[in-house]
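First up is the structure itself, then whatever we jot down about it.
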Amino acid sequence: MTQGAGEGPDVWRQGGNAGGPAVPPVPDGYTPTLPDLPVIEGTGPLYVAGDVHGYLDELRAALREAGLTDAEDRWAAGNARLWFLGDFTDRGPDGVGVIDLVMRLSAEAAAAGGYCKALLGNHELLLLGASRFGDTPVDSGAGTASFQAAWMLNGGQRTDMERLRDHHIQWMARLDSMAVADGYLLLHSDTTAYLDYGSTVDDVNEAIKLALQRSDADETWELFRKFTKRFAFRDEGGPKAARELLATYGGRQIVHGHSPIPYLTGEGVVEADADGEDGTGAPRVDGPHVYADSLAIAMDGGVTMAGKLLVARLPLTA
């Protein structure tokens, strides 16, 4: 397995996936085929949404632009299917508002014959830990730390904590961590750490939910630490790591959030010209980023960096 380096905006990262279940070696040329793929219910068009991080207004605008909601932010897409890839809170101003919107759209989409579902992100783990364990010391591997300190350091918003209620906490704790839909393996984090929790999608989802039910500070910290890793598919060994996940869990392409596209491409931000014109200082992100021999699609447009909150229909079109 190849796991990328730990650089990026989140802290408390460590490398390695030691201790995970054994999986068969994956030939470099392996490409999963459709007959082997599990099927998720629903017949409407499939959409994915990248990291929101509390930017509620930007999410509302992106959903309307995609035709998924109307002017009053109600579900307007009939039997369409929408997956959020996690990280609803922190850094932006209204994470709880984002959660409330996603929960409401889930009910409205189901009533219309479609669905709106969400995956667990590392910032959901962080917020759960901060709300449950506060300043309880945990072993960070780099000295004593706490969820409260890590949450604040990673953009935690006090207004979100003040507005967080039991139903928000229960909703986050019950989210799946991965899914397969229409030949796409949907994840939050671009990491191979999922292999530490099982060799099937159902096993991984069940193992992580059970871990959260045990409500143990150190075990929750270990989950957070693992799913804050990133860049597993970015560098030379990236295609092999992507094939390993696809061979284990199914799918033809991985679709993930977590790592902002400008970090994956190394393009940085748009600079102003000599006269100071046309430079926005924002990341240049036009849409999802396909990479790792076309085995991975990144969906975090860098909204926290004044980039773009991405909502895209799959398959991608030029």
Side-chain angles (χ1 to χ4, degrees), residues 10-14 16-21 51-54 84-91 95-100 102-103 106 117-179 186-189 191-229 257-258:
D10 296 310
V11 300
W12 313 109
R13 291 177 299 273
Q14 296 179 14
N17 286 317
D51 301 36
V52 183
H53 281 299
F84 284 89
L85 301 179
D87 277 9
F88 301 101
T89 68
D90 304 339
R91 300 204 173 98
V96 169
V98 170
I99 292 174
D100 284 336
V102 174
M103 292 177 71
S106 297
K117 298 185 180 183
L119 296 179
L120 181 72
N122 63 302
H123 278 264
E124 281 69 65
L125 291 167
L126 187 56
L127 182 57
L128 282 168
S131 66
R132 287 176 171 178
F133 310 119
D135 290 321
T136 300
V138 294
D139 182 6
S140 71
T144 302
S146 72
F147 271 105
Q148 179 71 17
W151 176 69
M152 292 297 294
L153 187 60
N154 282 285
Q157 303 295 304
R158 293 190 183 278
T159 52
D160 280 342
M161 190 65 75
E162 292 167 358
R163 295 165 57 207
L164 197 67
R165 298 293 180 265
D166 285 345
H167 67 275
H168 298 127
I169 294 171
Q170 293 301 316
W171 181 80
M172 288 189 290
R174 293 170 181 166
L175 292 175
D176 284 340
S177 296
M178 55 167 40
L186 309 177
L187 315 168
H188 172 67
S189 303
T191 177
T192 56
Y194 295 92
L195 294 167
D196 292 355
Y197 292 92
S199 57
T200 70
V201 169
D202 288 343
D203 286 349
V204 171
N205 289 334
E206 184 68 12
I208 292 173
K209 288 176 186 177
L210 287 174
L212 292 176
Q213 287 177 20
R214 287 189 286 269
S215 199
D216 177 83
D218 287 326
E219 187 173 21
T220 305
W221 182 270
E222 181 70 359
L223 278 169
F224 166 65
R225 182 187 69 82
K226 287 183 176 181
F227 293 107
T228 305
K229 300 171 187 174
H258 188 48

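Nothing here was measured: the structure is a model prediction, and the numbers come from that model.
Not a single donor-acceptor pair under 3.5 Å links the side chain of Q170 to the backbone N or O of H167. With N205 contributing its side chain and M178 its backbone, the two residues share a donor-acceptor pair below 3.5 Å.
Classification of the H123-H53 ring pair by plane angle, with boundaries at 30° and 60°, yields perpendicular.
By the 4.5 Å heavy-atom criterion applied to side chains, L164 and M172 are counted as neighbours. For the pair T228 and L126, the minimum side-chain heavy-atom distance is 4.5 Å or more. Counting heavy atoms from C-beta on, the side chains of R132 and L212 come closer than 4.5 Å. Under the 4.5 Å side-chain criterion, counting only non-hydrogen atoms from C-beta, T136 is not in contact with F147. When side chains are defined from C-beta on, M161 counts as touching S131, because their heavy atoms get closer than 4.5 Å. In this structure, the side chains of F224 and L128 stay at 4.5 Å or more apart for every pair of heavy atoms.
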side-chain hydrogen bond (donor to acceptor under 3.5 Å, both in side chains) evaluation trace for D139 with W221: CA-CA 8 Å; D139 182 6; W221 182 270; over 6 Å; no
Residues T220, R214; criterion side chain to side chain contact (heavy atoms under 4.5 Å, CB included); working and verdict: CA-CA 9 Å; T220 305; R214 287 189 286 269; over 6 Å; no
Residues N122, H188; criterion side-chain hydrogen bond (donor to acceptor under 3.5 Å, both in side chains); working and verdict: CA-CA 8 Å; N122 63 302; H188 172 67; 2.8 Å; yes
Stepwise side chain to side chain contact (heavy atoms under 4.5 Å, CB included) check, F133 with V138: CA-CA 10 Å; F133 310 119; V138 294; over 6 Å; no
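Of all heavy-atom pairs spanning V204 and G198, the tightest one is CG2-O, 3.6 Å. S189 approaches K229 most closely through the heavy-atom pair CB-O, 4.2 Å. Counting all heavy atoms, side chain and backbone alike, A118 lies closest to V102 at CB-CG1, 4.4 Å. Here the closest heavy-atom approach between residue K209 and residue R174 is recorded as CE-O, 3.1 Å. Minimum heavy-atom separation, S146 to G134: CB-O, 3.7 Å.
If you take CG on L175 and NZ on K117, they are separated by 12.0 Å, rounding to the nearest 0.5 Å. Atom OG of S177 is separated from atom OH of Y197 by 9.5 Å, given to the nearest 0.5 angstrom. To the nearest 0.5 angstrom, R158 atom CZ is 16.0 Å from R163 atom CZ. Taking CG from L127 and OG1 from T89, the interatomic distance works out to 4.5 Å, rounded to the nearest 0.5 Å. The CG atom of L187 sits 4.5 Å away from the OH atom of Y194 when rounded to the nearest 0.5 Å. With rounding to the nearest 0.5 Å, the separation of CD in Q148 from CG in L153 is 11.5 Å.
Just one residue in the list L120, L119, V201 forms a side-chain contact (heavy atoms from CB on, under 4.5 Å) with D176, and that residue is L119.
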